[in-house]
Amino acid sequence: MDIGVIGAGYVGLVQAIGLAELGHRVRVAEVDVARRAKLEEGILPIYEAGLEEMFAAAVGAGLISIHADNCEVVSESELSFLCLPTPAGVEGVADIGFVQRVLEELANGVGGRPIVVIKSTIPVGTTARFIRRFGDRLVIAHNPEFLSEGTAVKDFLEPSRIVIGSDDPAVADKIAATYVGMDAPRILTDPTSAELIKYGSNCYLATRLTYVNALANIAESVGADVLDVVRGMGLDPRIGPRFLQPGPGYGGSCFPKDTIALLATARQAGYEFSLLQSVVDADRSQRLWITGNIRRMVDDDLSGANIALWGTAFKAGTDDSRESAAVKIAQSLIAGGAMVTAHDPRASISKLRMAPDPVECARDADIVVVATEWPEYRSVDFAEVAKIMRGDMVYDLRNLLDAAVVRRAGLSYRALGRPRI
Ligand code: UGA
């Protein structure tokens, strides 16, 4: 098929390159000149494991081309995916301005009622509103993405489900046909239900994590081991083992924004979603709890304390630090008077003092805080860390390190949700 993709951001590039991998001819429209120039040179402007190789193969096979004009791409494609940003806008609710403006442009600039499939995460009810406004000139459907940063290529090629929201069965079939050869279950539904599947999934996962984080805090206080606790819970098939790792709180471009957006949807619908509000509040409290623990480790006085922060990305496997709990914790430590030096193998934060490697990051530190679960931190030479530090405390917020290895180097080790020895 000839397929258009509007927007060469994270979702758009994975979608475009993934569709080319399935054998489609994909035209990508991108308004940003610099981004377009990079792509035309064969350089990907984002990092995602495995994507670069697939992009090179798609370019080599002539299956992907880069364009400047949205209308041209849509008019030459059988259907087009809209992969535009919906950043947090007023009061954190997703701003649909980019999507709306491009739909307007397409409605006015392309004849023949083309099929436009919105991939971006948009507040519940948005597609129906767009259909009411542009439906005479565009066929609009919703096909939410379920890509996680770091595993997006696998998530695209082996999806857990394909959700298609369209009121027209023939259009839904056509969208389903783009995912040729994938044996994932297909949910064909109306656009509003498709939107709610996306928010329902992300907010459920955020709730699950927040619950686990609360258990971790209790476990640590009562001397239980949260890793055994979640292993024991996860063996119940109704619960399952995945997404049960406690941490400093959820971050990234999705959960923080989507929880706020679903709360707003509920409020507009006249329903007080107090459970989800508690999740948002408890996620904030998790960072306060951790910052409080760090403060207590330096005798309740952050001024003059040196903190080494290992990891600024919101999770391992990505260079993305948006809404990262690590960065927020660093900011509140700095606000409390501490000096924070950070390291991350991929992400660099201009507002933080960054060190070139984890050992150097620990120079003169009172505490090393492990905030992102980068596997390489496991093999750091802890004897070197012990030599270079001023204090001796390692606080592992991801249960990443081997306690015995750290302690053998003469350091004290504390991990989130685990008994303190
Ligand atoms: C999330 C969803 O998992 C995807 O399914 C969805 O498509 C995507 O949002 C989106 O809406 O686009 P992502 O934001 O890439 O994906 O990150 P996750 O892997 O879900 O992690 C979110 C946060 O939870 C991170 O801060 C991570 O460190 C934390 N987390 C995750 C834990 O603390 N423990 C876990 O066990 C898992």
Side-chain angles (χ1 to χ4, degrees), residues 9-15 46-49 83-88 94 118-123 142-156 158-163 184 194-217 226-227 229-231 233-234 239-262 279 282-283 286-287 290 311-329 344 347 370-374 396-400 416-417:
Y10 183 81
V11 172
L13 284 172
V14 175
Q15 180 78 4
I46 58 161
Y47 170 74
E48 183 62 41
C83 304
L84 297 164
T86 50
I118 301 172
K119 274 248 102 98
S120 319
T121 302
I122 41 174
H142 185 48
N143 169 218
E145 53 89 10
F146 298 101
L147 308 172
S148 287
E149 292 189 28
T151 57
V153 169
K154 188 171 185 297
D155 294 338
F156 181 89
E158 297 163 35
S160 50
R161 73 283 207 201
I162 294 167
V163 175
E195 290 161 347
L196 194 51
I197 289 172
K198 171 72 185 189
Y199 280 98
S201 302
N202 276 5
C203 294
Y204 171 74
L205 290 170
T207 304
R208 183 172 161 109
L209 283 184
T210 309
Y211 180 79
V212 166
N213 287 343
L215 282 183
N217 300 343
V226 75
L227 295 191
V229 173
V230 294
R231 206 167 45 245
M233 287 169 58
I239 297 175
R242 295 180 63 192
F243 238 79
L244 284 179
Q245 290 309 308
Y250 56 73
S253 59
C254 305
F255 290 178
K257 178 170 65 106
D258 294 350
T259 41
I260 300 292
L262 188 57
V279 168
D283 184 62
Q286 181 67 1
R287 296 189 296 272
I290 287 165
T312 58
F314 80 97
K315 64 174 183 179
T318 174
D319 59 357
D320 192 348
S321 295
R322 277 176 292 177
E323 294 289 326
S324 164
V327 176
K328 289 179 183 170
I329 289 169
D344 192 280
V370 182
T372 309
E373 70 282 23
W374 287 106
D396 186 351
L397 306 180
R398 296 286 190 166
N399 284 296
L400 177 76
L416 196 74

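Note that ligands are numbered from 1 as they come in the structure, with each ligand's atoms numbered from 1 the same way. Bear in mind that the values here come from a model prediction, so they are computed numbers and not experimental data. Note that the numbering runs from 1 along the sequence shown for the chain.
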Heavy-atom pair of closest approach, residues Pro246 and Asn399: CG-ND2, 4.0 Å

Any Thr259 side-chain heavy atom under 4.5 Å of Thr207 side chain: no

Expected output: side-chain Thr86 to main-chain Thr121 donor-acceptor under 3.5 Å: yes

Atom of Thr312, atom of Ala326 and distance for their closest heavy-atom approach: CA-CB, 4.0 Å

What are the distances between nitrogen or oxygen atoms of ligand 1 and protein nitrogen or oxygen atoms, counting only those under 3.5 Å?
unit_1   : atom_1 : unit_2 : atom_2 : d
ligand 1 : 3 (O)  : Ser148 : OG     : 3.3
ligand 1 : 7 (O)  : Leu147 : N      : 3.0
ligand 1 : 7 (O)  : Leu147 : O      : 2.9
ligand 1 : 7 (O)  : Lys198 : NZ     : 3.2
ligand 1 : 11 (O) : Lys198 : NZ     : 2.7
ligand 1 : 11 (O) : Asn202 : ND2    : 2.8
ligand 1 : 12 (O) : Glu145 : OE2    : 2.7
ligand 1 : 15 (O) : Glu149 : N      : 2.8
ligand 1 : 15 (O) : Lys315 : NZ     : 3.2
ligand 1 : 17 (O) : Lys315 : NZ     : 3.2
ligand 1 : 19 (O) : Lys315 : NZ     : 2.8
ligand 1 : 26 (O) : Gly251 : N      : 2.9
ligand 1 : 26 (O) : Phe314 : O      : 3.0
ligand 1 : 28 (O) : Phe314 : O      : 3.2
ligand 1 : 28 (O) : Arg398 : NH1    : 2.9
ligand 1 : 28 (O) : Arg398 : NH2    : 3.2
ligand 1 : 34 (N) : Gln245 : O      : 2.7
ligand 1 : 36 (O) : Leu244 : N      : 3.4
ligand 1 : 36 (O) : Gln245 : N      : 2.9

Option among Arg161, Lys198, Lys119 that satisfies the salt bridge (charged side-chain N to carboxylate O under 4.0 Å, His left out) test with Glu145: Lys198

Polar contact flag, side-chain donor to acceptor under 3.5 angstrom, Asn217-Gln286: yes

